[in-house]
Trainee: 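Input: one structure, supplied below.
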2 protein chains.
Amino acid sequence: MKAMTIGKLSKATGVGTETIRYYERNGFLPAPERLPSGYRVYSSDAAKRLKFIKEAQALGFTLSEISELFALTDDPGADCADVNARAAAKLTEIDEKIERLTRMRESLDRLSRYCPADEHPITECSIINHLYGKAGFDA
Amino acid sequence: MKAMTIGKLSKATGVGTETIRYYERNGFLPAPERLPSGYRVYSSDAAKRLKFIKEAQALGFTLSEISELFALTDDPGADCADVNARAAAKLTEIDEKIERLTRMRESLDRLSRYCPADEHPITECSIINHLYGKAGFDA
DNA sequence: CTTGACCCTGTAGTTACCTACAAGGTGTAG
DNA sequence: CTACACCTTGTAGGTAACTACAGGGTCAAG
Ligand SMILES: [Zn+2]
Ligand SMILES: [Zn+2]
Ligand SMILES: [Zn+2]
Ligand SMILES: [Zn+2]
């Protein structure tokens, strides 16, 4: 548990100092001890918590969902089933996003294939005409 | 070209009146004629333009990209190749998003499979331990 | 003792896209 | 005439997660 100021913690974790203070202000990171000067002093627990946040963000969790995960880890009654439920919900959410993007991709791709990317005047462009709602190219 | 006030246009297109005024303020929709009372009067061109915006949004274009598309349709020198370049860039962007989400999905899914969703104490949960950076479950 | 890196608070800006009033004027049906 | 729906402007809020100062105080090296 070596003590460090906010700059050290920032370098140790790759999270900017402004972001660390932001997390504290918004309750994502507990308020640390202070030196007489007012400087924040962190233990390595803070680094672990920041690592947790970064990992969870990389998995698609929002900060408020991450707060709930922290609350869960502090709840003596919580168990694997609780955590798994959050993970399953997030998985579904990610799947929905992927599906939406895939549909989007397919529509755009179909339109692109109708547009030969040549030098036809733009008034004849199938992409533009589709956007204007003109019939003939349903994507 | 039947004339209509903002409320009619809103109902005809499904775009809220506040949103229509927002589009005008921000240059996504041209300023319409006004009645002596100050009421905005739209022709069906406005409805087409709103339809264009909605369709393009559904394909993943942002409002400022949509503005560029409009600028293109007004440019006598523009052709299909210009439009196709935007479409191709957007397609790449969508593909990147899908890839990122897919990687996220795989990581989370792998973690979930390690977590049997039973009543183990949370300190033994592989998901939580992964987030805390503890070894043993690399996702 | 000075310099420069570091830290503090508080406030406000960013991106993208709306959404919600407040306070007032207009149009029309009964 | 009187409701009542509709329209106007301007300003401000809301989401998510930061990011950027300004204006000051602190600490350590040389
Ligand atoms: Zn063409
Ligand atoms: Zn084309
Ligand atoms: Zn378990
Ligand atoms: Zn578990």
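Not measured: the values here are computed from a predicted model. Below, each value reflects all heavy atoms present in this structure, side chains not excepted, and no hydrogens, waters or symmetry copies.
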Trainee: Between A/R25 and A/I6, name the one whose nearest nucleotide on DNA chain C is closer to the 5' end.
Mentor: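 Nearer the 5' end of the strand: A/I6.
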Trainee: Got a sec, which pairs hit side chain to side chain donor-acceptor pair (under 3.5 Å) with one end in residues 74-88 of chain B, sequence neighbours left out?
Mentor: B/E68-B/R86
Trainee: So which atom in A/L72 and which in A/A78 form the shortest heavy-atom distance, rounded to 0.1 Å?
Mentor: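 Heavy atoms of A/L72 and A/A78 come nearest at O-CB, 3.4 Å.
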Trainee: What is the bend of the helix from C/dC1-D/dG30 to C/dG30-D/dC1 when you compare the axis at one end with the axis at the other, using five pairs each and rounding to 10°?
Mentor: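 Terminal axis comparison yields 20°.
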Trainee: Is the shortest side-chain N/O distance from B/R34 to OP1 or OP2 of C/dG25 below 4.0 Å?
Mentor: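 For B/R34, the contact criterion (side-chain N or O under 4.0 Å from OP1 or OP2 of C/dG25) is not met.
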Trainee: What N/O pairs connect the protein and nucleotides 27-30 of chain C at under 3.5 Å? Give each pair on its own line.
Mentor:
from: C/dG27; atom 1: OP1; to: B/S37; atom 2: OG; distance (Å): 3.3

Trainee: Rounded to the nearest 0.5 Å, how far does CZ of A/R110 lie from OG of A/S126?
Mentor: 12.0 Å
Trainee: Are B/V15 and B/V41 connected, step by step, through hydrophobic side chains (Ile, Leu, Val, Met, Phe, Trp, Tyr) whose heavy atoms are closer than 4.5 Å?
Mentor: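 Looking at the clustering, B/V41 is in a separate group from B/V15.
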Trainee: Considering non-hydrogen atoms only, spot the tightest contact between B/F61 and B/A87 and give its length.
Mentor: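 Nearest heavy atoms, B/F61 then B/A87: CZ-CA, 4.3 Å.
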Trainee: Using only side-chain N and O atoms of B/Y23, determine if any of them is under 4.0 Å from OP1 or OP2 of C/dC17.
Mentor: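 Negative; the distance criterion is not met.
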Trainee: Specify the separation, in whole Å, of atom CE of A/M4 and atom P of C/dC7.
Mentor: 12 Å
Trainee: Could you tell me which residues satisfy side chain to side chain contact (heavy atoms under 4.5 Å, CB included) with B/M4, sequence neighbours excluded, listed by chain and number?
Mentor: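 B/M4 satisfies side chain to side chain contact (heavy atoms under 4.5 Å, CB included) with B/K8, B/L9, B/Y42, B/A47 once adjacent residues are dropped.
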Trainee: Write down the atom of A/L50, the atom of A/L29, and the distance for their closest heavy-atom approach.
Mentor: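 Nearest heavy atoms, A/L50 then A/L29: CD2-CD2, 4.0 Å.
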Trainee: Tell me every residue that passes side chain to side chain contact (heavy atoms under 4.5 Å, CB included) with B/T62, counting only those two or more places apart in sequence or in another chain.
Mentor: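 Here the qualifying residues are B/S64, B/E65.
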Trainee: Can A/L59 and B/L131 be said to form a side-chain contact (heavy atoms from CB on, under 4.5 Å), step by step?
Mentor: CA-CA 10 Å; A/L59 291 175; B/L131 293 174; 4.0 Å; yes
Trainee: Is the shortest side-chain N to carboxylate O distance from B/R49 to B/D45 below 4.0 Å?
Mentor: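 Not counted as a salt bridge, because no side-chain N and carboxylate O are separated by less than 4.0 Å.
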Trainee: Where along residues 8-21 of chain B does a heavy atom fall under 4.0 Å from DNA chain C?
Mentor: B/E18, B/T19
Trainee: Considering only residues two or more places apart or on different chains, which pairs with a residue in residues 28-37 of chain B satisfy side chain to side chain donor-acceptor pair (under 3.5 Å)?
Mentor: none
Trainee: Within residues 64-74 of chain A, find the residues that approach DNA chain C with a heavy atom at under 4.0 Å, and present them sorted by residue number.
Mentor: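 Residues of residues 64-74 of chain A that come under 4.0 Å of DNA chain C do not exist, since none gets that close.
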Trainee: Taking only residues two or more places apart in sequence, or in another chain, which ones meet A/K97 in a side chain to side chain contact (heavy atoms under 4.5 Å, CB included)?
Mentor: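 With neighbours one apart ignored, the set is A/R100, B/L101.
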Trainee: Listing request: all side chain to side chain donor-acceptor pair (under 3.5 Å) pairs with a residue in residues 12-29 of chain B, at least two apart in sequence or in separate chains.
Mentor: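 Qualifying pairs, neighbours excluded: B/E24-B/R40.
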Trainee: For the atom pair CD1 (B/I94) and CD (B/E99), what is the distance rounded to the nearest 0.5 Å?
Mentor: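 Output value for this atom pair is 13.0 Å.
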Trainee: For B/Y22 and C/dT15, give me the distance from atom OH to atom P, rounded to whole Å.
Mentor: 12 Å
Trainee: Return the set of residues passing ring pair (Phe, Tyr, Trp, His ring centres under 6.0 Å) with A/F70 (not counting sequence neighbours), or none when no residue passes.
Mentor: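 Checked A/F70 against ring pair (Phe, Tyr, Trp, His ring centres under 6.0 Å); matches are A/F52.
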Trainee: What is the distance, rounded to the nearest whole Å, between atom CG of A/N26 and atom C1' of C/dT11?
Mentor: 14 Å
Trainee: When you list every nucleotide of DNA chain D with an atom under 4.0 Å from a heavy atom of chain B, which one comes first 5' to 3', and which comes last?
Mentor: D/dC6 to D/dT9
Trainee: Do you know the tightest heavy-atom contact between A/I20 and A/I6?
Mentor: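 Reported closest heavy-atom pair: CG2-CD1, 3.9 Å.
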